[in-house]
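Here is the structure we will look at, set down as structure tokens.
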Amino acid sequence: MENFVFAFLNADIVREAWPILWQGFLYTLALSAITVPLGLAGGVLLALLATSGPRAVRLAAAGWTDLFRAIPPLVLLVFLYAGLPFAGIDTGAWGAVAIGFFLNTGAYYGEVLRAGIESVPRGQMEAARSTGLSRGQALAHVVLPQAVRNVLPDLVSNTLEVVKLTSIASVVALPELLFQARQAQNATYNATPIVAAAVAYFLLLWPLVRVISRLENKALAGR
Amino acid sequence: MGGLDNFLFSFFNLKVMATYLPQIAQGLGLTVLLALLIVVSGLALGLLLALLRSLAIRPLNWLIIFTVDLFRALPPLVIIVLLFFGLPAAGLSISGFAATWLSLTLVLAAFAEEIFWAGITAVPKGQWEAARSTGLGFAQTLGHVVLPQALRITIPPLTNRTIAITKGTALASVVGVSEILGAAQSAMSFSANPSPLTLGAIAYLILFIPVVALGRWIETRFAWKR
Amino acid sequence: MSSSPPAPRPIVDARGLWKRFGSLTVLKGVDLAVAERELVFIIGPSGSGKSTLLRCLNRLEEPSDGSIHIDGIELLNPRTDINAARRRIGMVFQSFNLYPHMTARQNVMLALRRVLGKSRAEAAELAGRALERVGLGERTDHYPAQLSGGQQQRVAIARAIALEPRVMLFDEPTSALDPELVGGVLAVMRELRESGMTMVVVSHEMAFARAAADRVVFMADGQKLEEGPPAQIFGDPQHERTRAFIRQIDRH
């Protein structure tokens with residue numbers, strides 16, 4: 001037991017590693033603040049292409065979505081970070097993360113939003129167009145607000161996944177929470193920093209998990 | 001060398017690909033094995049937890065809910081790293097393969113429990129009452145009346161979640177498992193050419209595109225009435 | 001309202017309209033002219049193309065062939081600003097199609113603000129007046145889900161008339177309503193008619209057609225078979241199909 005506390009719940013080590021863990025935590029927040037909007041932008045774009053536009057465009061959007069849902073995000077990230085430089089394209093760690101998240105989480109958000117747009121009855125678009133609203137105006141003011149509300153649980157849950165996914169940026173040496181925890185672990189030969197990082201992730205994301213759980217139960221009960 | 005030639009030499013170098021094809025194929029086998037183990041144990045554990053929760057034993061339910069929340073909130077890579085680098089500190093050595101299997105099993109079980117439970121609670125109370133009124137016991141009602149209805153509505157979200165989590169097998173490369181990504185990365189270092197990575201990406205596509213398409217099909221097939 | 005002399009050409013002038021969906025031909029060369037302040041009723045069995053004809057008149061459906069002039073605007077000309085044209089053509093749908101995430105007032109305000117460019121205050125004021133006109137001055141802050149079907153349809157009418165259209169199209173406005181709620185909607189339509197609105201109505205409300213229509217058009221199989229004043233169409237139909245249809249309706 002003493003051993004266990006020493007190895008996993010070592011207060012001295014937490015104190016020692018605190019500054020770099022805190023930095024990592026802030027870095028994770030910043031990373032999320034960038035990747036979530038980026039993914040959402042990609043998702044809106046994909047969903048619009050997949051629901052409007054000519055048939056060929058719709059099929060291409062669906063294929064694109066499936067492609068990036070089939071490739072594990074870490075594979076995409078390694079490809080961008082370690083593969084592309086061989087062709088003379090060096091995006092750097094930040095660039096690789098930005099592009100990778102745009103492609104991967106964009107596909108997921110796109111799929112969710114597509115389902116949302118398709119859940120809005122056609123009559124809504126027709127009614128809006130019949131009053132003279134342009135297609136874009138009708139989408140922005142009438143269809144998208146309803147689409148987002150219809151798939152809100154999925155959107156929030158996807159956002160949780162994106163924040164969790166930022167941990168793979170540690171693989172390309174971006175100093176986010178997991179990376180810093182591993183550094184601290186290597187320096188101290190003690191697993192406590194990783195436990196501390198896990199606790200930090202949990203405290204950050206638990207409220208979100210509760211909200212999603214409530215939204216999902218409500219959605220399922222309403223069916 | 002022209003731009004296209006350079007590109008082809010880097011990413012579609014057939015010679016390099018041919019050399020490392022066996023390693024990647026081995027990696028593919030490992031990925032499939034890992035994924036299957038995770039799916040079986042994760043779904044079974046998730047269903048077990050949901051059934052335990054339907055017994056409505058207060059303290060037990062709190063424990064289940066907390067555990068589920070915990071594994072929904074933690075990034076899978078953090079759990080893998082914690083098990084792989086942490087357990088040895090407690091004198092327990094664990095292989096990268098086992099650490100990934102255990103981590104993703106717990107994550108899938110957490111999500112599956114939540115989905116199974118939502119499915120069980122979505123079955124109207126009248127179904128329980130009707131079955132119990134005909135003399136069926138708790139377990140019989142659950143097994144013959146409630147679960148069949150619950151499972152049907154859980155299939156689409158469960159499929160999508162399972163696909164997403166089994167893709168996490170690529171995380172095993174971080175703890176030294178030579179699954180597809182791990183094999184491709186070491187082949188890339190040996191050959192100083194990223195073509196093995198292309199091969200790895202293709203392997204993932206061969207593996208997961210049918211699964212993603214299946215998920216899409218199931219989603220329309222079992223579409224919930226909105 | 002307008003005291004100007006009648007326009008030299010009908011306000012709605014559709015000629016030779018064809019509409020094909022794949023191998024299915026829904027409209028087979030239909031002409032329809034509607035004069036200013038006229039109320040034209042379109043009746044016919046289901047599948048006769050009457051709703052499609054109506055939806056062509058504001059290009060929610062793209063006709064395969066033919067020409068449409070509304071208030072002098074060439075509707076099918078690709079250079080026509082369809083959004084500007086549509087605000088002169090009000091449309092009321094069978095299923096109301098109110099925006100569920102907006103209150104009654106916001107439903108009416110949206111196009112006032114985004115199409116006519118009114119300020120928020122002015123749009124709110126105009127929306128209030130339109131809702132008052134359909135008898136819902138007390139319900140402006142209710143969401144569609146908090147309104148009865150009849151009230152929702154009246155909001156939909158307010159949404160259309162707030163834009164001061166030159167012509168109103170009604171696509172089976174009472175078909176989705178419980179019988180006791182139909183009266184309120186018809187009363188609003190009657191009031192509109194008395195104010196001089198030009199109206200094209202697709203509906204099965206034969207009593208309303210008899211009482212309020214200037215002209216009744218009977219359609220079957222994508223063609224206009226017969227038209228005339230209600231007394232003639234209902235009292236002395238010329239065409240065998242019309243007779244059969246009227247007999248069947250009367251039996252209900």
Side-chain angles (χ1 to χ4, degrees), chain A residues 3-4 6-8 62 66-67 69-76 78-79 82-88 108 111 115 119 150 160-161 163-168 170-171 177-178 181-182 185 189-192 194-195 197-198 201-206 208-210 212-213 216-217 219-221 223, chain B residues 3 6-7 10-11 65 68-70 72-79 81-82 85-91 114-115 117-119 121-122 153 157 163-164 167-171 173-174 180-181 184-185 188 192-194 197-198 200-201 204-205 207-209 211-213 215-216 219 224-226:
Chain A
N3 253 345
F4 182 82
F6 178 82
F8 291 101
D66 279 359
L67 178 69
R69 288 204 310 163
I71 293 186
L74 184 57
V75 176
L76 192 58
V78 168
F79 189 87
L84 282 189
F86 284 96
Y108 276 91
E111 191 63 7
S119 75
N150 289 351
L160 169 73
E161 294 306 310
V163 176
K164 284 159 63 179
L165 198 59
T166 58
S167 60
I168 68 171
S170 62
V171 175
L177 184 53
L178 179 59
R182 297 255 355 244
Q185 180 227 351
Y189 300 107
N190 188 292
T192 304
I194 301 179
V195 174
Y201 274 114
F202 183 65
L203 292 181
L204 176 68
L205 297 173
W206 196 19
L208 204 53
V209 170
R210 284 281 95 224
I212 293 165
S213 184
E216 278 173 348
N217 284 341
L220 204 64
R223 272 162 223 269
Chain B
N6 187 8
F7 177 82
S10 294
F11 295 105
I65 293 171
V68 165
D69 279 6
L70 181 66
R72 285 183 73 168
L74 290 184
L77 185 56
V78 172
I79 308 172
V81 166
L82 188 59
F85 294 103
L87 283 185
E114 191 74 9
I115 295 170
W117 175 248
T121 49
I153 61 170
I163 296 169
K167 271 167 42 191
T169 52
L171 297 175
S173 64
V174 175
I180 300 176
L181 180 58
Q185 272 181 298
M188 180 167 70
N193 182 296
L197 213 48
T198 310
Y204 276 110
L205 290 182
L207 198 55
F208 282 109
I209 285 259
V211 186
V212 169
R216 211 184 254 278
E219 200 146 75
W224 297 347
K225 287 172 285 182
R226 283 194 189 259

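Convention: sequence-line order gives letters A, B, ...; per-chain numbering from 1.
Interface residue A:Leu67: backbone and side-chain heavy atoms are both found under 4.5 Å from chain B. Looking at A:Ala181, there are no atoms closer than 4.5 Å to chain B (heavy atoms on both sides), in backbone or side chain. Both the backbone and the side chain of B:Leu82 have a heavy atom closer than 4.5 Å to some heavy atom of chain A. Proximity to chain A involves both the backbone and the side chain of B:Thr198, based on heavy atoms less than 4.5 angstrom apart. Proximity to chain A (any heavy atom under 4.5 Å) is restricted, for B:Val174, to the side chain, taken from C-beta onward. With a 4.5 Å cut-off on non-hydrogen atoms, A:Tyr189 does not touch chain B at all. Both the backbone and the side chain of A:Leu74 come within contact range of chain B, with heavy atoms under 4.5 Å apart. Using a 4.5 Å cut-off between heavy atoms, A:Ile71 contacts chain B through both its backbone and its side chain. Heavy-atom distances place both the backbone and the side chain of A:Val78 under 4.5 Å from chain B. For A:Leu203, no part sits under 4.5 Å from any heavy atom of chain B, backbone or side chain.
Annotation: the span from B:Leu70 atom CG to A:Trp206 atom CH2 amounts to 9.0 Å, rounded to 0.5 Å.
You'll find the side chain of A:Ile212 reaches within 4.5 Å of the side chain of B:Arg72, heavy atoms only. The side-chain heavy atoms of B:Leu77 and A:Ser170, taken from C-beta on, include a pair separated by under 4.5 Å. Side-chain atoms of B:Phe208 and A:Asp66, non-hydrogen and from C-beta on, never get closer than 4.5 Å to each other. You'll find the side chain of A:Phe86 stays beyond 4.5 Å of the side chain of B:Asn193, heavy atoms only.
Residues B:Lys167 and A:Pro73 share a closest heavy-atom pair of CE-CD, 4.1 Å. The minimum heavy-atom distance between B:Leu197 and A:Phe79, with the atom names listed, is CD2-CA, 3.5 Å. The shortest non-hydrogen separation linking A:Ser167 to B:Pro75 is OG-CB, 3.4 Å. Looking at every heavy atom in both residues, B:Ala170 comes nearest to A:Val75 through CB-CG2, 4.0 Å. Minimum interatomic distance between B:Leu74 and A:Ala198 (heavy atoms only, all atoms of both residues): CD2-O, 3.2 Å. Contact detail for A:Lys164 and B:Pro76: the closest heavy-atom pair is CE-CD, 4.1 Å.
Taking chain A as the reference chain and counting heavy-atom pairs below 4.5 Å, the highest number among B:Ala164, B:Ala184, B:Ala192 is found for B:Ala192.
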Q: Show your working on side chain to side chain contact (heavy atoms under 4.5 Å, CB included) between B:Val211 and A:Arg69 and close with a plain yes or no.
A: CA-CA 10 Å; B:Val211 186; A:Arg69 288 204 310 163; over 6 Å; no
